[in-house]
Each structure stands twice: as structure tokens, then as C-alpha cells.
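All values reported here derive from a predicted model rather than from experimental measurement.
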Amino acid sequence: MTRDAGGGKSAVELTGQDIDALVTWSLIRAAHRAQRDLTEVFAEHGLSPVQFGVLSHLATGAAFTQAQLAREVLVRPQSISGVLDGMVERGLVAREAERAKGRRNPLALTPAGHDLLAVVWPEVRRANRPELLGLSEAEAATLNAVLLRMVDGAR
């Protein structure tokens with residue numbers, strides 16, 4: 001920040017290069033583009049990004065409680081309940097057991113959830129092709145490794 005002749009603060013003068021040098025701002029811009037592109041793919045199948053995340057994580061076969069799943073798909077635990085209720089109504093997800101007080105309530109994909117993911121997954125993989133992202137295969141692999149380090153560092 002510079003001072004004007006009267007001693008007051010004047011506006012910061014920036015260039016496009018100054019803005020482009022901000023890694024986190026570039027990351028936000030890239031994330032918005034990626035989200036927009038993938039949201040279109042998901043919408044074609046009646047899914048939101050969060051619902052796709054739920055399907056994908058449950059497809060790993062790992063046991064998740066609602067709270068664990070909320071952390072994985074980056075929503076608050078209070079928000080995941082409505083998402084899961086809608087997915088249960090659509091027959092995509094099942095709660096494996098009746099929940100007892102203080103007990104875990106694991107979730108699982110239903111056959112319909114597996115079928116929907118089998119259709120959506122290849123489309124998401126196509127949307128992740130390096131050339132569509134303006135990257136080489138090596139650059140895409142490096143970028144993904146860096147992003148995963150950033151995600152893991154935030155935990």
C-alpha cells in the first residue's frame with residue numbers, strides 16, 4: 001500500500017500478474033470452473049456434487065456414518081441428513097441398521113445407487129481428461145498430487 005502526498009492511504013496498484021501470482025485465488029478460480037463443468041454432468045442425472053460425493057465414497061465399500069460422510073463430501077453434519085434422506089427416498093442409499101442411541105448407523109449404496117454411479121462415473125472420468133483441463137498427463141498427475149497434499153494438510 002502506498003501513501004498519497006497528503007499522508008493518507010491510497011489504493012493498491014496491482015497488475016494481472018500480481019493477481020495471478022496468488023496460488024489460492026487461482027485455485028478458487030479453477031475450482032469454480034471445475035465445479036461448473038461437473039455440476040452440468042451431475043445435473044443430467046439428477047445429482048448434485050454432494051450426492052455424487054456420497055455415491056462415490058460409499059462405492060469404496062468403507063463403512064461411513066453420517067458425520068464421517070459429511071466430512072468426506074465437505075458439508076456440515078447437519079446438512080448431510082437432508083441429502084441422505086433424499087437419496088434414501090430415491091432408493092440410492094440405504095441405512096444398514098436401525099440406529100440405537102449412541103450407536104453407529106452405517107450407510108450403503110443400493111443396487112440403484114451402484115447403477116447410477118456406473119453411468120455417471122465414466123462421464124466424470126471423461127471430464128477429467130487432461131487435455132480438457134488444458135494439461136498434459138504429467139501435469140494433471142502432478143497437479144492432483146499437489147491438490148491432495150493440500151487437502152491432507154488441511155485435516
inquiry  = Could you check whether any side-chain heavy atom of Val119 comes within less than 4.5 Å of a side-chain heavy atom of Asp115, counting everything from C-beta outward?
reply    = no

Begin from the C-alpha positions of Leu84 and Leu107 and carry the test side chain to side chain contact (heavy atoms under 4.5 Å, CB included) through to its verdict.
CA-CA 9 Å; Leu84 292 173; Leu107 301 154; 3.7 Å; yes

Practice prompt. Spell out, as yes or no, whether a donor-acceptor pair under 3.5 Å connects the side chain of Asp152 to the backbone of Arg149.
Written response: no

Looking only at heavy atoms, the pair that brings Leu14 and Asp18 closest together is CA-OD2, 3.4 Å

Quick note, salt bridge (charged side-chain N to carboxylate O under 4.0 Å, His left out) partners involving residues 25-41, not counting sequence neighbours, are Asp20-Arg29, Arg33-Asp37

Checking Leu27 against Leu147 for the side chain to side chain contact (heavy atoms under 4.5 Å, CB included) test, could you report, in this order, the C-alpha distance in whole Å, the side-chain angles of both residues, the deciding distance, and whether it holds?
CA-CA 9 Å; Leu27 180 60; Leu147 292 172; 3.4 Å; yes

All heavy atoms of Arg90 vs all of Gly46, minimum pair found to be NH1-O, 2.6 Å

Heavy atoms of Gly134 and Glu139 approach each other most closely as O-OE1, 4.4 Å

Value for CD1 (Ile28) from CD (Gln35), rounded to nearest 0.5 Å, stands at 12.0 Å

Of all heavy-atom pairs linking Ala127 and Leu38, the shortest is CB-CD2, 3.8 Å

Parallel, tilted or perpendicular, judged at 30° and 60°: which one describes the rings of Phe42 and Phe52? parallel

When every non-hydrogen atom of Val54 is compared with those of Leu69, the smallest separation belongs to CG1-CD2, 3.8 Å

All heavy atoms of Ala112 vs all of Gly91, minimum pair found to be CB-O, 3.4 Å

With a 3.5 Å distance limit and no angle check, can you tell me whether Asn128 reaches the backbone of Val124 through a side-chain donor-acceptor pair?
yes

Output for pair (Leu117 CG, His45 NE2), nearest 0.5 Å, gives 10.5 Å

Short side-chain to backbone donor-acceptor contact, Thr110 and Leu92, under 3.5 Å: yes

* Asked: Is it the case that more than 12 heavy atoms not belonging to Gln78 sit under 6.0 Å from its CD atom?
  -> yes

Note, Gln68 side chain near His57 side chain (heavy atom, < 4.5 Å): no

One should read off an interatomic distance between Leu55 CG and Thr60 OG1, to the nearest 0.5 angstrom, of 11.5 Å

Residue pairs meeting salt bridge (charged side-chain N to carboxylate O under 4.0 Å, His left out), one or both in residues 117-130, sequence neighbours left out, come to Arg129-Glu131

Cluster overlap Trp121 with Leu47, hydrophobic side-chain contacts below 4.5 Å:
yes

Separation between CZ (Arg71) and OG1 (Thr65), nearest 0.5 Å, reads 6.0 Å

>> Is there a path of hydrophobic side-chain contacts, each under 4.5 Å between heavy atoms of I/L/V/M/F/W/Y residues, joining Leu133 to Leu143?
In response: yes

